[in-house]
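Structure first, commentary second.
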Amino acid sequence: MRETRIEVTFLPGLGDVLADEVTAVLHPRRPAAPVAGRDDALAVAISNPLAHTRRLTTAVAVFLVLHFDVPRPKSLTSGDHLARIVEAMYSSLRVAGSSTFRFEAAGSDSSVFARLASELNAATGLKYDEKDGELVVRVRRGPARGEADPGWDVLVRVGNRPLSARPWRAADYPGAANATIAAAMTRIAGVVPEDRVVNLMCGSGTLLIERLLAGPAAAAVGIDDAPDAIAAATENLAAASLARKAQLITADIRDPQLEGGYDLLLADPPWGTLHGSHATNAELHADLLRAAHRLAAPGARLVVLTHEIKVMDRCLRETDQWTTREVTRVFAKGHHPRIYVLDRA
């Protein structure tokens, strides 16, 4: 079967997690490889349907990749080159429809790109919207090839939205965890159908939802002391068709009346920007570790996403209740949080 070249983007730090997911979901003949000069993209050739790429949960977006041995973007408006770009755009449209498109490219406001936009509009019927176009077309220099001209690459995003924009997010609660990071936390922790899962300080339910979408669980519970957070989680669980698979509890995780026995505990404590404060985060993280230990079954895993690295490291040094299995650093919108995978001591 004919192979299709794609480029899969991700949040820096999650490349290994995404590479494993690409192998598991898309079954390429050759493993995904880093894109030269990038710390946020993998290149891979696939032979299965392009729509299967929508199953990737730890990716930000997927792009079809076309290479053109031409010296200038002006040449892309010619017959054969233009036809290849149009074909790629139609491939994207078959996965998820769009009504507009835009360029992401240096010089996208030039007359060359104005002509290319006009040609693509005529060929596809899509309106060119330079700011908010749904279908994204990237144009960039090709990879270096010694002294030879590198040519140009054209990348067409698959679908009208990035994969990171989850369709289940009906309630956009402030401070919600990034869904691709939440999916990565789930994959790092392992999806075990027999697990009893709890999302501590669940907010709008991102971690809980991504865990349930990844596979079944023996039980799934979200706990938060904010009624508006529980309301948002309720709305998002319903949008994900998971309302009957999870229980939400309005309570402080330190409440001694809460029942425990959980095998997997997930937490995204406040970073002190939108919720809580930096002044109280040391106490918050210490309380989280103690509460999680009380609610955890023997041999349980606790997976925590936090931006308070020094605080978390100090709290772990000061407790004998948890041991660190691994730590993954992620880069997201100017923040550098870390994913801690801990084992109950």
**Prompt:** Should Thr77 and Leu82 count as side-chain neighbours, where that means a heavy-atom distance under 4.5 Å?
**Reply:** no
**Asked** Ignoring hydrogens and geometry, is there a side-chain-to-backbone donor-acceptor pair from Asn236 to Ala170 under 3.5 Å?
**Response** yes
**Message:** What's the separation between atom CG in Leu213 and atom CZ in Arg55, rounded to the nearest 0.5 Å?
**Reply:** 14.0 Å
**Request:** Ignoring hydrogens and angles, state whether a donor on the side chain of Arg290 or Thr319 is under 3.5 Å from an acceptor on the partner side chain.
**Result:** no
**Request:** Kindly compute the distance separating NE2 (His27) from CD1 (Ile46), expressed to the nearest 0.5 Å.
**Result:** 11.5 Å
**Asked** Any salt bridge between Arg30 and Glu3, counting N to O under 4.0 Å?
**Response** yes
**Check: Asn121 side chain, Leu126 main-chain N or O, donor-acceptor pair, under 3.5 Å** = yes
**Asked** Judged by atom type as modelled, is there a donor-acceptor pair below 3.5 Å linking the side chain of Asn160 to the main-chain atoms of Gly97?
**Response** yes
**Message:** Show the nearest heavy-atom pair for residues Phe10 and Ala41, with the distance to one decimal.
**Reply:** CE2-N, 3.1 Å
**Request:** Give me the one residue out of Arg157, Arg140, Arg138 that meets salt bridge (charged side-chain N to carboxylate O under 4.0 Å, His left out) with Glu104.
**Result:** Arg138
**Prompt:** Side chains of Trp168 and Glu210: do they bring a donor and an acceptor to under 3.5 Å?
**Reply:** yes
**Item:** Beyond-backbone contact of Arg84 with Phe68, side-chain heavy atoms, under 4.5 angstrom
**Value:** yes
**Prompt:** What pairs with Phe331 under ring pair (Phe, Tyr, Trp, His ring centres under 6.0 Å), at least two apart in sequence or on another chain?
**Reply:** His336
**Message:** Would you compute the distance between atom CG of Leu248 and atom CG of Leu208 and round it to the nearest 0.5 angstrom?
**Reply:** 7.0 Å
**Request:** Taking all heavy atoms of Ala217 and all of Arg211, pick out the closest pair and write down the distance.
**Result:** CB-NH2, 3.7 Å
**Message:** Under 3.5 Å, is there a donor on one side chain and an acceptor on the other for His285 and Thr306?
**Reply:** yes
**Message:** Test of understanding: clusters of I, L, V, M, F, W, Y form through side-chain heavy atoms closer than 4.5 Å, transitively. Do Leu258 and Leu289 belong to the same one?
**Reply:** yes
**His81 NE2 to Ile85 CD1 distance, which is reported to the nearest 0.5 Å** = 9.0 Å
**Request:** Count the heavy atoms belonging to other residues, nucleotides or ligands that lie under 6.0 Å from CG of Asp228, then report whether that count exceeds 12.
**Result:** yes
**Asked** Can you find a pair of side-chain heavy atoms, one from Ile181 and one from Ile339, that are under 4.5 Å apart?
**Response** yes
**Asked** Side-chain heavy atoms under 4.5 angstrom apart, residues restricted to Ile, Leu, Val, Met, Phe, Trp, Tyr: same cluster for Val25 and Leu163?
**Response** yes
**Request:** Ignoring hydrogens and angles, state whether a donor on the side chain of Thr57 or Glu21 is under 3.5 Å from an acceptor on the partner side chain.
**Result:** yes
**Message:** Less than 3.5 Å apart, any donor N or O on the side chain of Arg72 or Ser75 sitting next to an acceptor on the other?
**Reply:** no
**Closest contact, heavy atoms only, Arg294 versus Pro256** = NH1-O, 3.6 Å
**Request:** Check whether any side-chain heavy atom of Ser204 sits under 4.5 Å from a side-chain heavy atom of Arg169, and report yes or no.
**Result:** yes
**Request:** Measure from the side-chain N and O atoms of Thr100 to the backbone N and O of Glu134, and report whether any donor-acceptor pair falls under 3.5 Å.
**Result:** yes
**Item:** Atom CD of Glu326 with >12 non-hydrogen neighbours under 6.0 angstrom
**Value:** yes
**Prompt:** Shared ILVMFWY cluster between Leu66 and Leu93, side chains joined below 4.5 angstrom?
**Reply:** yes
**Message:** Ignoring hydrogens, what is the shortest heavy-atom contact between Leu266 and Leu207? Give both atom names and the distance.
**Reply:** CD1-O, 3.8 Å
**Asked** How many angstroms lie between CG in Leu76 and CG in Leu120, if you round to the nearest 0.5 Å?
**Response** 9.5 Å
**Request:** Enter the distance from Asp225:CG to Thr250:OG1 here, rounded to the nearest 0.5 Å.
**Result:** 9.0 Å
**For Tyr128, all residues meeting ring pair (Phe, Tyr, Trp, His ring centres under 6.0 Å), sequence neighbours excluded** = Phe101, Phe103
**Request:** Give a yes or no on whether a salt bridge exists between Asp252 and Arg254, defined as a side-chain N under 4.0 angstrom from a carboxylate O.
**Result:** yes
**Request:** Examine Val158 and Val136 and state if one hydrophobic cluster contains both, with Ile, Leu, Val, Met, Phe, Trp and Tyr joined whenever side-chain heavy atoms are less than 4.5 Å apart.
**Result:** no
**Prompt:** Are side-chain heavy atoms of Arg38 and Thr9 found at a separation under 4.5 Å?
**Reply:** yes
**Request:** Indicate yes or no for a side-chain donor-acceptor contact from Arg102 to the backbone of Gly133 under 3.5 Å, with no hydrogens or angles considered.
**Result:** yes
**Complete:** All heavy atoms of Ala297 vs all of Asp263, minimum pair found to be CB-OD1, 3.9 Å
**Prompt:** With a 4.5 Å limit on heavy-atom distance, are the side chains of Tyr262 and Val197 in contact?
**Reply:** no
**Prompt:** Heavy atoms, side chains only, cut-off 4.5 Å: are Met185 and Thr58 in contact?
**Reply:** no
**Asked** So do the side chains of Arg196 and Leu264 get within less than 4.5 Å of each other, counting heavy atoms only?
**Response** no
**Asked** Does Ile188 share a hydrophobic cluster with Tyr340, counting links as ILVMFWY side-chain heavy atoms below 4.5 Å and allowing steps through other members?
**Response** no
**Item:** Taking every non-hydrogen atom, the tightest pair across Trp152 and Pro71
**Value:** NE1-O, 3.1 Å
**Fill in**
Applying side chain to side chain contact (heavy atoms under 4.5 Å, CB included) to Ala19 and not counting sequence neighbours gives Leu42
**Message:** Do the side chains of Asp149 and Arg141 get close enough for a salt bridge, i.e. N-O under 4.0 angstrom?
**Reply:** yes
